[in-house]
Colleague: 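Before we start, here is the structure in question, set down as C-alpha cells.
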Amino acid sequence: MRARNWELISLVPAALLVSAGFAAVYIQRANQLETVSLIYGAIFLGLCLGAHIFIRVTLPHADPFIFPLVAVLACYGLVMIYRIDGATEARVQAQWFVLGLVLFAATIVWFRDYRRLENYRYLIMTGSVVLLLLPRVPGLGVYSGGAYLAIHLPGITFQPPEFAKVGVVIFLSSYLRDHRQALASGRRILGYRIPPLKHLGPLLALWGAAMLALVVIGDIGSSLMFYGALLAIVYVATDRISFVIFGMLAFGLGSWFLATHIPHIDARIQDWLHPFNPALYSAPLGSYQLANAQFAMAAGGLFGQGFGQTLLYIPGTTNALIPFPSTDMVFSVITGDLGLFGAAGLLVTYLLFISRGFKAAMLARDSFSKLLAVGLSTVIAVQVFVIVGGVARVIPFTGVPLPFVAYGGSSILANFVLVALLLLVSDRARRPLSDT
Amino acid sequence: MLQPVSVGLKLGFLIVLYLFLVWVAASTLFDLRRGLRGGGGSTVPVGEATSIHQTVDPMALLGDEEFEPRLVVEHASGHEPGVAYDLMDPVTLGRGDVELKLEDPFASTRHASITRHGRTLVLEDLGSTNGTYLNGEPVTGPQPLHVGDRIRIGDSEFTYLQ
C-alpha cells in the first residue's frame with residue numbers, strides 16, 4: 001500500500017500548481033472573469049482525489065507516479081485554457097475531465113484483465129481504420145488546413161485519430177506478440193537477416209497503410225505518430241535495429257515523394273522553411289500562425305512574461321494574432337507566459353511519464369503487456385514530438401493535440417483510456433507473485 | 001498594484017513544478033538502483049528480467065547456494081500436483097522414454113527440453129505436433145525461463161521456480 005501513499009503525496013504539487021495558476025490568472029484578468037470560474041480549479045482537484053481513491057481500491061500495485069504526472073499535465077492544460085478563454089473553454093474542458101475520468105474508471109473496471117483485448121484484435125483494428133477514414137466521409141468530415149483530422153456531428157467536433165491510436169497500438173502489440181519470433185528469424189543475406197516474406201508482408205502492408213493514411217488524411221504528423229509506435233513495437237519485439245533503420249528510410253522516402261507531389265503538403269513545408277516570407281505570411285492558411293507563434297515564444301525569454309501576458313489578439317481589435325491558441329498553439333502560449341523554464345518543465349513532465357511507461361514495460365511478465373506498454377508510451381512520445389516540434393519549427397507543423405494539455409474532448413477521453421491501460425499493465429507487473 | 005503578486009505566483013508555479021519533477025526523477029533513479037540490486041521492498045523479484053530479451057549473462061557462474069531450478073506440477077495426469085522436478089541436469093519432456101514422462105495424449109514422444117546454461121534455464125520445443133506454451137504463448141526457438149513462468153503441454157501444466 002506504500003505506493004498509493006506516494007501517489008497521494010505526489011498529488012499535492014498538482015494541487016499547488018492549479019491553485020497558483022488559477023490565482024495568477026484571476027488576478028491578471030479579474031475584470032473579465034467571475035469568481036465562479038475559480039471553482040473549475042477546485043472541481044479538478046476533487047476529481048484527482050476521487051481518481052486516486054479509485055486507483056487505491058482497484059489497482060493497489062500500479063505505478064505511483066503515472067497518475068500524478070498526468071494530473072500535472074492536465075492542470076497545466078487547465079490553467080492555460082483558463083488563461084486563454086476562462087469564460088467558456090475552461091468550463092467545457094473541466095466537463096471533459098469529468099467524462100474522461102468516468103471513462104478512465106470504466107476502462108479499469110471493464111478491462112481488469114486487459115489481455116482479453118487480444119481476442120478482439122481484428123475488430124479493434126477494423127474499428128480504428130474506420131475511425132481514421134471517417135473524416136473523409138462527405139458531409140461528416142471537417143477539412144482544415146489541408147488535412148482531414150476531425151468529424152463534425154451536431155453540437156460536437158470529434159477527432160477520430162485520437163481513439164484510433166489506442167486501437168492501433170493494441171492491435172500491433174497483439175499481432176507482433178504472435179509473429180515476433182518469425183520476424184526475428186529468417187535467412188541472412190549480405191549480413192542482414194531478411195524475414196520470410198509471408199511474415200514481412202503484414203509489416204509492409206502497415207507501411208503502405210501509413211503512407212495511404214498520409215494521402216487520405218493529408219497529414220504527415222499523425223501518420224508519423226502511428227508509424228513511430230509501429231517501429232517502436234517492432235524493435236522491442238524483435239531486437240533488430242535494422243527494422244527501425246529501414247522503416248525510417250522507407251517513411252522518409254515515402255514522405256519525400258508525397259511532399260513533392262501533393263500541393264498542400266508542399267505548402268506546409270514551405271511555411272515551415274520560410275515562415276517570415278511576406279508572401280507566405282499573408283497567404284490564407286499560410287505561415288501567419290506559425291510566424292506569430294515564433295514571436296510569442298521568443299518574447300517568453302527564460303522565465304516568461306507572466307500568466308496572461310502573451311498577446312493573443314492584435315491590441316484594440318478582436319483579430320487573432322495567434323489563431324487556435326488553446327489547441328494547435330497552446331505550446332507557444334505556454335512558452336510565452338512561462339518562458340523556457342515553463343516549457344522545459346512541461347517537456348520533462350512528458351519525459352518522466354514516458355519513462356514510467358517504459359518502466360511498466362520492463363517489469364511486465366508477458367510479451368503482450370510489454371509491447372502494449374511500450375506502444376502506448378511511444379505513441380504519446382511521438383505525439384508530443386510532432387506537435388511541439390511543429391510549433392518550434394523543428395519539423396513541418398501538424399495540428400495534433402498536445403496530450404492532456406490542449407483543449408479538446410476526444411483527445412482527453414482517448415488519453416485517459418490510454419493511461420488506464422498503462423496503469424492496468426503496471427498493476428499486473430508490480431503485483432507480488434504470491435497474489436497471482 | 002497586483003503585478004508583483006502575479007509574478008510571485010508565476011515563479012511559485014515554476015518552483016513547485018521543478019521540485020515535483022526533481023522528486024519524481026530522484027524516485028525513478030532510486031527505483032532503478034533497487035531493481036539492479038535485485039529485489040527488496042514491494043518490487044517484483046523478476047526486476048531486471050524481461051521475457052522478451054534476457055538481460056542476464058547466460059554463462060553467469062553458479063556461486064549462490066540458493067539456486068534450485070525446479071519444475072512444479074500444476075496438473076498433469078500421472079503426476080501429483082505440487083511435486084517438483086529438479087532441473088540442474090538437462091530434462092526432456094515427452095510421451096516416450098524421457099526424463100519427465102507425460103501421460104498426455106497431446107504430447108509428442110520427445111516434446112520439449114529444458115537445459116541449464118549457468119543460472120539461466122532454457123526451454124525449447126523439439127518440433128512437437130501440438131506445441132509447447134510458455135505463459136500462454138507458443139514457443140518457437142529457445143526461450144529463457146523466469147521464476148513463475150507457466151509451461152503448458154497439451155493438458156499438462158507446470159510452473160518454473162528457482
Side-chain angles (χ1 to χ4, degrees), chain A residues 2-3 6 10 12-14 16-17 20-21 23-25 27-28 30 61 64-65 68-69 72 76 79 115 177-178 180-182 184-185 236-237 239 303-304 306-308 337-339 341-342 345-346 348-349 352 355-356 359 361-368 370-371 429-433 436, chain B residues 1-32 35 39 41-55 125 133-143 145-150 159-161:
Chain A
R2 252 176 64 222
W6 280 80
S10 311
V12 174
L16 289 174
L17 287 181
V25 176
I27 289 167
Q28 281 297 319
H61 305 290
F65 294 113
L69 285 166
V72 164
Y76 229 115
V79 168
R115 290 181 294 186
R177 192 212 65 178
D178 284 355
R180 67 189 174 90
Q181 272 139 344
S185 64
V236 172
D239 194 22
F303 292 100
F307 283 110
D337 278 5
L338 293 169
F341 277 87
L346 180 72
V348 172
T349 314
L352 287 172
S355 77
R356 299 314 296 187
K359 174 85 183 170
M362 301 271 291
L363 290 176
R365 288 170 216 157
D366 62 304
S367 313
F368 175 64
K370 266 179 206 305
L371 296 176
R430 288 169 167 258
R431 204 178 295 165
L433 282 173
T436 47
Chain B
M1 268 309 276
L2 289 165
Q3 195 63 23
V5 181
S6 184
V7 171
L9 282 170
K10 181 193 75 181
L11 291 177
F13 185 95
L14 289 177
I15 290 167
V16 169
L17 177 68
Y18 274 83
L19 286 177
F20 172 70
L21 294 176
V22 167
W23 185 51
V24 175
S27 312
T28 303
L29 276 178
F30 175 72
D31 215 21
L32 274 177
S42 60
T43 44
V44 172
V46 285
E48 73 271 79
T50 72
S51 76
I52 292 196
H53 308 298
Q54 72 195 64
T55 53
D125 188 87
Y133 291 81
L134 179 58
N135 295 325
E137 298 172 29
V139 171
T140 54
Q143 288 289 317
L145 292 175
H146 303 294
V147 175
D149 276 354
R150 295 174 84 86
T159 304
Y160 170 70
L161 292 174

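Each chain gets a letter, A, B and so on, in the order its sequence line appears, and its residues count up from 1. In what follows, every heavy atom counts, from backbone to side chain, and hydrogens, waters and symmetry copies are set aside.
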Colleague: If I take atom NZ from residue A:Lys359 and atom OG1 from residue B:Thr28, how far apart are they, to the nearest 0.5 angstrom?
Modeller: 8.5 Å

Colleague: Please verify the inter-ring angle class for B:Phe13 with A:Tyr76; under 30° counts as parallel, over 60° as perpendicular, anything in between as tilted.
Modeller: perpendicular

Colleague: Nearest 0.5 Å, what's the CZ-CG distance between B:Phe20 and A:Leu69?
Modeller: 4.5 Å

Colleague: What part of A:Pro64 gets closer than 4.5 Å to chain B, counting heavy atoms only: side chain, backbone, both or neither?
Modeller: neither

Colleague: Contact part of B:Leu134 toward chain A, heavy-atom cut-off under 4.5 Å: side chain, backbone, both or neither?
Modeller: neither

Colleague: Check whether A:Leu352 gets within reach of chain B through its side chain, its backbone, both or neither, counting any heavy atom under 4.5 Å.
Modeller: side chain

Colleague: Do the side chains of A:Phe307 and B:Leu9 get nearer than 4.5 Å, heavy atoms only?
Modeller: no

Colleague: Say you draw a straight line from CG of A:Leu17 to CD1 of B:Ile15; how long is it, rounded to the nearest 0.5 Å?
Modeller: 11.5 Å

Colleague: Need one label for B:Leu14: side chain, backbone, both or neither, based on atoms under 4.5 Å from any heavy atom in chain A.
Modeller: side chain

Colleague: Taking B:Lys10 for its side chain and A:Phe303 for its backbone only, find out whether a donor-acceptor pair lies under 3.5 Å.
Modeller: yes

Colleague: Would you say the side-chain atoms of B:Tyr18 pair up with the backbone N or O of A:Phe341, donor to acceptor, closer than 3.5 Å?
Modeller: yes

Colleague: Are the side chains of B:Glu137 and A:Asp366 in touch, meaning some heavy atoms are under 4.5 Å apart?
Modeller: yes

Colleague: Quick check on A:Arg115 against chain B: is it the side chain, the backbone, both or neither that has a heavy atom closer than 4.5 Å?
Modeller: neither

Colleague: Is the shortest side-chain heavy-atom distance between B:Leu17 and A:Thr349 below 4.5 Å?
Modeller: yes

